[in-house]
**Student:** 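Supplied in structure tokens, the structure appears directly below.
All chains are named by letter (A, B, ...) in the order of the sequence lines, taking the proteins before the strands, and each is independently numbered beginning at 1. Side chains included, hydrogens not; waters and symmetry mates left out as well; all remaining heavy atoms used.
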Protein chains: 2
Amino acid sequence: MDTAKILREHGLRVTPQRIAIYEALAGTKEHPSVEALYDRLRPRHPGLSLNTIYKTLQAFASAGLVRKLATHEDMHRYDANPEPHTHMVCIECGRVDDLDSKADERLAGIKDLISNDTDYDLVDHALYFYGYCPSCREKRNK
Amino acid sequence: MDTAKILREHGLRVTPQRIAIYEALAGTKEHPSVEALYDRLRPRHPGLSLNTIYKTLQAFASAGLVRKLATHEDMHRYDANPEPHTHMVCIECGRVDDLDSKADERLAGIKDLISNDTDYDLVDHALYFYGYCPSCREKRNK
DNA sequence: TATCAAGAGATAATAATTATCTATTTTCTA
DNA sequence: TAGAAAATAGATAATTATTATCTCTTGATA
Ligand SMILES: [Mn+2]
Ligand SMILES: [Mn+2]
Ligand SMILES: [Zn+2]
Ligand SMILES: [Zn+2]
């Protein structure tokens with residue numbers, strides 16, 4: 001709710017730009033890229049620069065406030081949910097969805113499961129599924 | 001063994017460059033980047049260009065002969081094993097290992113498990129773990 | 001062996017991301 | 001609450017992984 005408080009709790013300084021960027025990201029389920037956020041913010045924040053969005057999201061990610069996604073596209077996407085969770089990527093239209101949370105819970109222990117089987121000291125993981133989203137699946141079955 | 005045969009079976013034309021690139025990739029467990037392959041190949045193949053490696057690996061990946069990895073670094077890596085399998089990425093030194101195959105087998109059914117819980121039509125997946133590799137773990141514990 | 005599409009290499013172009021620099025804004029404290 | 005110190009915003013330029021173009025050469029096929 002209180003964006004300023006959230007930022008401060010993560011050791012981040014509060015500026016109007018940061019508030020706007022965080023709220024735009026937190027307000028969508030689309031896992032937007034920097035450009036996508038820029039286009040969304042520009043109408044209400046004409047002065048905001050692309051560079052600021054890059055730097056801000058980088059700061060947010062370092063602080064553990066957001067997560068950066070690598071989906072095999074030519075740019076990165078961002079997610080207001082920093083917890084490891086599973087993403088579905090449509091290889092036709094590029095859409096990115098969270099896996100249904102019920103289903104994702106079943107994968108929650110995945111890190112602990114693997115921890116015992118590797119010499120690595122694990123701190124994070126990322127799981128991506130690739131395929132056709134419902135609407136692209138429809139189109140293909142014709 | 002017979003690289004030319006492998007290439008042809010994947011519908012790829014055979015050239016000395018392609019053979020060299022494929023064998024260099026198949027001969028390492030390091031999941032090299034394009035640059036890394038270039039440096040490795042240059043001594044024996046002075047004429048080979050970076051561009052050719054890019055185009056060749058792209059062709060290999062499209063043909064399903066190799067896999068392109070997105071590890072959150074500023075470049076991509078390639079893997080001579082095109083099957084979905086799990087990777088461990090060291091966030092200190094950048095090393096990338098396969099998860100022990102015994103452990104990975106336990107995750108083999110992960111796609112089928114999720115298939116029932118999503119509207120997506122799944123064709124692939126990628127699982128990355130991030131942490132400290134054995135040697136970096138050592139150094140940290142001092 | 002001739003044909004012809006595809007590949008190789010040189011070169012230039014793209015485009016996402018980062019660096020630099022200065023004015024402005026936060027934060028902190030006296 | 002004013003002022004100092006440090007961090008941020010935005011303008012701009014630079015970087016760099018990757019791709020596009022173009023011409024010459026080569027591999028596949030009959
Ligand atoms: Mn998400
Ligand atoms: Mn691998
Ligand atoms: Zn789609
Ligand atoms: Zn390491």
**Student:** dA17(D) phosphate, OP1 or OP2: any side-chain N/O from S33(B) under 4.0 angstrom?
**Tutor:** no

**Student:** Short question: side chain of H87(B), backbone of T71(B) - any donor-acceptor pair under 3.5 Å?
**Tutor:** no

**Student:** Whole Å only: how far is the CD atom of Q17(A) from the P atom of dT26(C)?
**Tutor:** 8 Å

**Student:** Contact class for V34(B) vs. all strands (heavy atom < 4.0 Å): base, sugar-phosphate, or nothing?
**Tutor:** nothing

**Student:** Mind calculating the distance between CG (L41(A)) and C1' (dA9(D)) to the nearest angstrom?
**Tutor:** 14 Å

**Student:** Indicate whether the side chain of Y78(A) and that of R67(A) have a donor and an acceptor atom separated by less than 3.5 Å.
**Tutor:** no

**Student:** From dA7(D), dG7(C), dA17(D), pick the nucleotide closest to the side chain of M75(B)?
**Tutor:** dA17(D)

**Student:** Write down the distance between CD1 (I19(B)) and P (dG7(C)), rounded to a whole number of angstrom.
**Tutor:** 14 Å

**Student:** Expressed in angstrom and rounded to an integer, what is the separation of I53(B) atom CD1 from dG7(C) atom P?
**Tutor:** 16 Å

**Student:** Which nucleotide in the set dA5(C), dA9(D), dA17(D) lies at the smallest distance from any side-chain heavy atom of T56(A)?
**Tutor:** dA9(D)

**Student:** Tell me which nucleotide among dG27(D), dT17(C), dT26(C) gets nearest to the side chain of P16(A).
**Tutor:** dT26(C)

**Student:** Side chain of K55(A): nearest nucleotide among dT19(D), dG10(D), dG9(C)?
**Tutor:** dG10(D)

**Student:** L12(B) or L50(A): which one's nearest nucleotide on DNA chain C is closer to the 5' end?
**Tutor:** L12(B)

**Student:** Side chains of D124(B) and Y128(A): do they bring a donor and an acceptor to under 3.5 Å?
**Tutor:** no

**Student:** Measure from CG on L7(A) to P on dT26(C) and round the result to the nearest Å.
**Tutor:** 13 Å

**Student:** Can you identify which nucleotide, out of dA9(D), dT19(D), dT17(C), has its nearest atom closest to the R18(A) side chain?
**Tutor:** dA9(D)

**Student:** Using a 4.0 Å heavy-atom cut-off across all strands, classify T52(B) as base, sugar-phosphate, or nothing.
**Tutor:** base

**Student:** Using whole Å, what does the distance between atom C1' of nucleotide dA6(C) and atom CD of Q58(B) come to?
**Tutor:** 15 Å

**Student:** By nearest atom, which of the nucleotides dA16(C), dG9(C), dT8(D) is closest to the D74(A) side chain?
**Tutor:** dA16(C)

**Student:** Quick one: which of dG9(C), dT27(C), dG27(D) gets closest to the side chain of R13(B)?
**Tutor:** dG27(D)

**Student:** Checking contacts here: which listed nucleotide (dT27(C), dT18(C), dA17(D)) is nearest the side-chain heavy atoms of E35(B)?
**Tutor:** dA17(D)

**Student:** Is there a side-chain polar atom (N or O) of H76(A) under 4.0 Å from OP1 or OP2 of dT17(C)?
**Tutor:** yes

**Student:** Can you measure Y54(B) atom OH to dG9(C) atom C1' for me and round it to whole angstrom units?
**Tutor:** 15 Å

**Student:** Rounded to the nearest 0.5 Å, how far does NZ of K139(A) lie from CD of E92(A)?
**Tutor:** 7.5 Å

**Student:** Separation of K5(A) atom NZ from dT26(C) atom P, in whole Å?
**Tutor:** 21 Å

**Student:** For this output row, return yes or no: ring centroids of F60(B) and H10(B) closer than 6.0 angstrom.
**Tutor:** no

**Student:** Would you mind reporting whether L57(A) and I53(A) have side-chain heavy atoms less than 4.5 Å apart?
**Tutor:** yes

